[in-house]
There are 2 protein chains.
Amino acid sequence: MSSQRERAAFIDHLKSHGHRITGERLALFDEIFEQHRHVDAEELLAALHRKGHRISRATVYRNLDLLVACGLVRKQRLGQRRYLYEHIHAGQKHDHLVCRSCGRVVEFVSPGITAMQREICRAHGFSPDHHQFQILSLCAECVAASETQPSH
Amino acid sequence: MSSQRERAAFIDHLKSHGHRITGERLALFDEIFEQHRHVDAEELLAALHRKGHRISRATVYRNLDLLVACGLVRKQRLGQRRYLYEHIHAGQKHDHLVCRSCGRVVEFVSPGITAMQREICRAHGFSPDHHQFQILSLCAECVAASETQPSH
DNA sequence: ACCACTATTGAGACAATTTCTCAATAGCGA
DNA sequence: TCGCTATTGAGAAATTGTCTCAATAGTGGT
């Protein structure tokens, strides 16, 4: 499994911070590193239950925050009501294009935009290292739908 | 008052759509057009109460949606839990830099980034006309705070 | 100005999502 | 293996926004 390195990093982080290595934590880690897309807490909870783990909702939320604190998972509100989580795949820094209507998320990489973001952050005294970037728009389907069935 | 034109447009919109011109609607309009920053529904409600209006929470939410439908107000989730509203000041199209920690919002204009956004939208089949754009990062104060008081 | 019609409002119930509480459980060091 | 205490589970609570429905108040026609 390609997440062996991250799994070890997670376990190290737990140990070095005096946290315990529990079955729930490892199951959640495995689940989110199996998903190669943006998932919310409910989906993770449901997937874990489907696989026979008896883990509670509160534990999922708590340990997602822990994974974020480890730097292994990104937690974002991508225009929708729920937080979405994605595991960080080493090196590959990308940004998000989000459909404001259906919530669909597309990742993209644009070095040019990254450079501009840094510049804008710097110009306004924001950290150029912790930025994250979203474009919210309407995907082709939702544009088509809104043209068929006009605004209201 | 500089919002006379928008106020008239609002009233016209109401009339032409068979909606009534109520005291609550005008009070809300005036309140949001007085605020030159991003406000949430609770702030607007509180401000209106402070000024002696007896308006309910539901009415504030309903009529904010109405103002959005008129194209006079923008409603956005800027990384935070609550929706933020801003009145649209004619012509001036801007994007947002948001502090992920304290929620502070700074507006910026960058024609270069706007062009790149359009290109990315087009490349992925998203509408280049309905886009909106956010950079989430940490403002100087929050960076300083997180360095003083390390991550947890 | 008055009436009747019905859109709008207010108050609180409801819904969706996330966080908190606290007794029971289970890692972990000795 | 034992004991300490971090972690968990279940459900309560908090947060934010939407919905319901009876009461109120704009509006167009007299």
Side-chain angles (χ1 to χ4, degrees), chain A residues 10-29 31-32 38-49 51-70 73-85 100 103 152, chain B residues 10-29 31-32 38-49 51-70 73-85 100 103 152:
Chain A
F10 181 41
I11 291 173
D12 280 353
H13 184 282
L14 292 177
K15 284 185 180 162
S16 66
H17 286 70
H19 294 139
R20 293 177 181 172
I21 296 159
T22 66
E24 290 82 359
R25 283 177 176 162
L26 296 179
L28 177 64
F29 174 94
E31 187 57 42
I32 195 166
H38 300 76
V39 288
D40 62 47
E42 291 303 318
E43 289 176 307
L44 290 167
L45 180 65
L48 288 164
H49 283 173
K51 292 180 183 172
H53 295 282
R54 281 198 288 87
I55 189 172
S56 80
R57 173 171 286 106
T59 297
V60 168
Y61 278 102
R62 279 186 294 237
N63 286 317
L64 281 170
D65 285 343
L66 187 55
L67 282 161
V68 170
C70 297
V73 163
R74 197 162 10 239
K75 172 183 184 177
Q76 294 170 273
R77 243 187 229 287
L78 294 174
Q80 302 301 111
R81 184 191 292 261
R82 297 179 174 183
Y83 281 109
L84 292 182
Y85 299 84
R100 272 200 297 222
H152 177 219
Chain B
F10 181 41
I11 291 175
D12 281 352
H13 184 284
L14 292 177
K15 284 185 181 162
S16 67
H17 285 70
H19 293 139
R20 294 177 181 173
I21 296 160
T22 67
E24 292 81 359
R25 283 179 176 160
L26 295 179
L28 177 65
F29 175 93
E31 188 55 43
I32 195 167
H38 300 77
V39 289
D40 62 47
E42 292 302 320
E43 289 175 306
L44 290 166
L45 180 65
L48 287 165
H49 283 174
K51 293 180 182 173
H53 295 282
R54 283 196 288 86
I55 189 173
S56 80
R57 172 170 287 106
T59 297
V60 168
Y61 278 104
R62 280 187 292 235
N63 286 316
L64 281 170
D65 285 343
L66 186 55
L67 282 162
V68 170
C70 297
V73 163
R74 198 162 9 240
K75 172 183 184 177
Q76 293 171 275
R77 257 190 219 287
L78 294 174
Q80 303 300 111
R81 185 191 293 259
R82 296 180 175 182
Y83 282 110
L84 292 182
Y85 300 84
R100 272 200 297 222
H152 176 228

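Only this structure's heavy atoms are used, side chains among them; waters, hydrogens and symmetry mates stay out. Proteins get letters first, then strands, A, B, ... in listed order; numbering begins at 1 in each.
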Pick base, sugar-phosphate or nothing for A/Arg57, based on heavy-atom distances below 4.0 Å to the nucleic acid.
-> base
CG-CZ distance between A/Leu67 and A/Phe10, expressed to the nearest 0.5 angstrom | 4.5 Å
Can you say whether the rings of A/His17 and A/His19 are parallel (under 30°), tilted (30 to 60°) or perpendicular (over 60°)?
-> parallel
For A/Arg54 and D/dG9, what is the distance between atoms CZ and P respectively, to the nearest whole Å?
-> 8 Å
Would you say a side-chain N or O of B/Tyr61 is under 4.0 Å from OP1 or OP2 of D/dG17?
-> yes
Quick one: A/Leu64 CG to C/dT18 P, roughly how many Å, whole number?
-> 10 Å
Judged by nearest nucleotide, the residue sitting upstream toward the 5' end of DNA chain C, B/Arg81 or B/Ser56, is B/Ser56
dist A/Leu66:CG -> A/Thr59:OG1 (nearest 0.5 Å) comes out at 11.5 Å
Check whether any side-chain nitrogen or oxygen of B/Asn63 sits under 4.0 Å from OP1 or OP2 of C/dT8, and answer yes or no.
-> no
A/Leu48 side, atom CG; A/Glu24 side, atom CD - distance, nearest 0.5 Å = 10.0 Å
Would you indicate whether A/Lys15, at its atom NZ, is surrounded by more than 12 heavy atoms from other residues, nucleotides or ligands within a distance under 6.0 Å?
-> no
For B/Thr22 and C/dT9, is the shortest distance between a side-chain N/O and OP1 or OP2 below 4.0 Å?
-> yes
Nearest listed nucleotide, side chain of A/Arg62, among D/dT5, C/dT18, C/dT21 = C/dT21
Atom CZ of B/Arg82 and atom C1' of C/dT18 are separated, to the nearest Å, by 15 Å
Rounded to whole angstroms, how far apart are OH on A/Tyr83 and P on D/dT16?
-> 10 Å
Taking side chain as C-beta onward, heavy atoms only, is B/Leu14 less than 4.5 Å from B/Arg20?
-> no
Want to settle it: does B/Ala41 or B/Glu24 sit nearer the 5' end of DNA chain D, counting the closest nucleotide to each?
-> B/Ala41
Take the protein atom CD1 of B/Ile21 and the nucleotide atom P of C/dA7, then report the distance between them rounded to whole Å.
-> 16 Å
Residue whose nearest DNA chain D nucleotide is more 5′ - A/Leu14 or B/Arg77 = A/Leu14
CG of B/Leu45 versus P of C/dG10: gap in Å, rounded?
-> 10 Å
Rounded to whole Å, the CG-P distance (A/Leu48 to D/dG9) equals 10 Å
Donor-acceptor pair under 3.5 Å: do we get one between B/Arg20's side chain and the base of C/dT6?
-> yes
Tell me, what's DNA chain D's dot-bracket, Watson-Crick or G-U with both distances under 3.5 Å, | for other-strand, [ ] crossing?
-> ||||||||||||||||||||||||||||||
Test A/Arg57 against A/Glu42 for salt bridge (charged side-chain N to carboxylate O under 4.0 Å, His left out), laying out the working first.
-> CA-CA 8 Å; A/Arg57 173 171 286 106; A/Glu42 291 303 318; 2.8 Å; yes
d(CZ, A/Arg25; C1', D/dT8) in whole Å | 10 Å
